[in-house]
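In what follows, chains are A, B, ... by sequence order, proteins preceding strands, each numbered from 1. Keep in mind the model is a prediction, meaning the values are calculated, not measured.
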Protein chains: 2
Amino acid sequence: MNMATDWGEVDLMDKDEHIEQASRAMKAMSHPLRLKILCVLGDKEISVQEIVDHVGTSQSNISQHLAILRDKGVLRTRKVANRVFYRVGDTRTLKLLSMMRDVFCGFSK
Amino acid sequence: MNMATDWGEVDLMDKDEHIEQASRAMKAMSHPLRLKILCVLGDKEISVQEIVDHVGTSQSNISQHLAILRDKGVLRTRKVANRVFYRVGDTRTLKLLSMMRDVFCGFSK
DNA sequence: CGTATAGATTAGAAATCACGCATATATTAA
DNA sequence: TTAATATATGCGTGATTTCTAATCTATACG
């Protein structure tokens with residue numbers, strides 16, 4: 001019922017380096033298509049085509065958004081012959097995503 | 001040690017409405033200065049001047065970022081005579097912030 | 001009243017972003 | 001080799017963001 005949030009040590013994120021990193025990662029995720037891509041991915045590993053099918057826009061557009069997520073270190077790829085499979089690259093992002101799911105889809109308000 | 005993340009129901013965030021809302025909120029926070037403002041605020045209520053002093057850029061610039069956060073519903077204000085005090089407006093955001101703190105400043109990796 | 005102080009607003013230039021379209025590369029199949 | 005499929009990349013353009021500088025409003029204080 002309460003937040004159990006220890007705001008006494010907020011300054012853990014006061015180092016500009018951390019702030020920069022956090023905002024870069026968040027910014028990379030803060031786009032409807034990219035967020036949708038991340039939701040479609042979850043903790044699975046999915047090919048570009050599948051992503052295109054699920055998310056629904058042009059292949060080029062998806063590819064560009066994937067590139068952004070890849071370049072910012074949010075996603076990692078594995079190439080298998082013809083195809084490229086994407087997955088969420090690190091545990092932190094996965095955790096953040098699951099938390100956002102709770103926050104935005106829970107009953108809290 | 002593990003993530004305890006139930007990715008079996010990722011689709012909780014598959015409704016485009018939720019996606020849009022989440023990405024709007026994240027976008028509002030995904031700027032170094034705005035993130036810094038939020039960190040400075042924590043769960044406290046602080047005047048613009050104090051924020052300017054802590055964050056370090058022009059008053060105008062801060063004011064504009066505060067306006068963005070206010071308009072997106074992230075921050076709320078209370079005017080006392082000469083001054084305006086800002087605070088994080090809702091529990092969800094506070095929760096998300098504290099989580100981000102954990103994610104980006106924890107040892108997880 | 002004048003003036004100082006706290007904030008907000010506006011305008012405009014520069015940077016960044018998003019998307020469509022065409023094209024390029026790589027791999028597979030025939 | 002040629003054709004087809006999967007993915008990436010470059011480019012142009014319109015939209016959005018961000019920052020600075022100037023201006024404006026409201027309150028406080030002599």
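Summarising the geometry, the separation between CE on A:M26 and C1' on D:dT17 is reported as 17 Å, rounded to the nearest angstrom. Going from atom CD1 of A:I62 over to atom P of D:dT5 covers 20 Å, rounded to whole Å. Following rounding to the nearest Å, A:D53 (CG) and D:dT7 (P) show an atom-to-atom distance of 10 Å. For the pair B:I37 CD1 and D:dC19 C1', the computed distance is 14 Å after rounding to whole Å. To the nearest angstrom, P of D:dA8 lies 7 Å from CG of A:L66. Whole-Å rounding puts the B:L69 CG to D:dT18 C1' distance at 14 Å. The separation between A:R83 atom CZ and D:dA4 atom C1' is 14 Å, rounded to whole Å. To the nearest angstrom, C1' of C:dC17 lies 13 Å from CG of A:L33.
With rounding to the nearest 0.5 Å, the separation of CG in B:N82 from OG in B:S47 is 10.5 Å. Taking CG from A:D43 and OG1 from A:T93, the interatomic distance works out to 13.0 Å, rounded to the nearest 0.5 Å. Rounded to the nearest 0.5 angstrom, B:L41 CG and B:L66 CG are separated by 7.5 Å.
For the pair A:K27 and A:N82, nearest-nucleotide mapping onto DNA chain D gives the more 5' position to A:N82. Two residues, A:K79 and B:S63, neighbour DNA chain C, and the one matched to the more 5' nucleotide by heavy-atom proximity is B:S63.
The neighbour count for B:R83 CZ, taken as heavy atoms of other residues, nucleotides or ligands under 6.0 Å away, does not exceed 12.
As judged by a 4.0 angstrom heavy-atom cut-off over every strand, A:F85 is placed among residues making no nucleic acid contact.
Of all heavy-atom pairs between A:L69 and A:A28, the closest is CD2-O, 3.5 Å. When every heavy atom of B:R34 is checked against every heavy atom of B:K27, the shortest pair comes out as NH2-O, 3.6 Å. Between B:I19 and A:C39 the shortest heavy-atom distance is CD1-SG, 4.0 Å.
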What nitrogen or oxygen pairs link the protein and nucleotides 20-25 of chain C at under 3.5 Å?
{"unit_1": "C:dG20", "atom_1": "O6", "unit_2": "A:Q64", "atom_2": "OE1", "d": "3.2"}
{"unit_1": "C:dG20", "atom_1": "O6", "unit_2": "A:Q64", "atom_2": "NE2", "d": "3.1"}
{"unit_1": "C:dC21", "atom_1": "N4", "unit_2": "A:S60", "atom_2": "OG", "d": "2.6"}

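Among residues at least two apart or in separate chains, ring pair (Phe, Tyr, Trp, His ring centres under 6.0 Å) pairs with a member in residues 50-100 of chain B are B:H31-B:H65.
Screening B:M99, B:H18, B:M26 against A:M100 for a side chain to side chain contact (heavy atoms under 4.5 Å, CB included) leaves a single residue, B:M26.
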Strand DNA chain D in bracket notation, Watson-Crick/G-U under 3.5 Å with | for pairs to another chain: ||||||||||||||||||||||||||||||
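Side-chain N/O atoms of B:H31 include none lying less than 4.0 angstrom from OP1 or OP2 on C:dT16. For the pair A:H65 and C:dC19, the criterion of a side-chain N or O lying under 4.0 Å from OP1 or OP2 is met. When the side-chain nitrogen and oxygen atoms of A:R34 are compared with OP1 and OP2 of C:dA18, one or more of them lie within a distance under 4.0 Å. A close approach under 4.0 Å does not occur between any side-chain nitrogen or oxygen of B:Y86 and OP1 or OP2 of C:dA6.
The side chain of A:V48 lies closest to D:dT7 when the candidates are D:dT7, C:dT28, C:dA6.
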Take A:I62 and A:Q59 through the test side chain to side chain contact (heavy atoms under 4.5 Å, CB included) and record every step on the way to the result. CA-CA 5 Å; A:I62 288 288; A:Q59 180 270 319; 5.7 Å; no
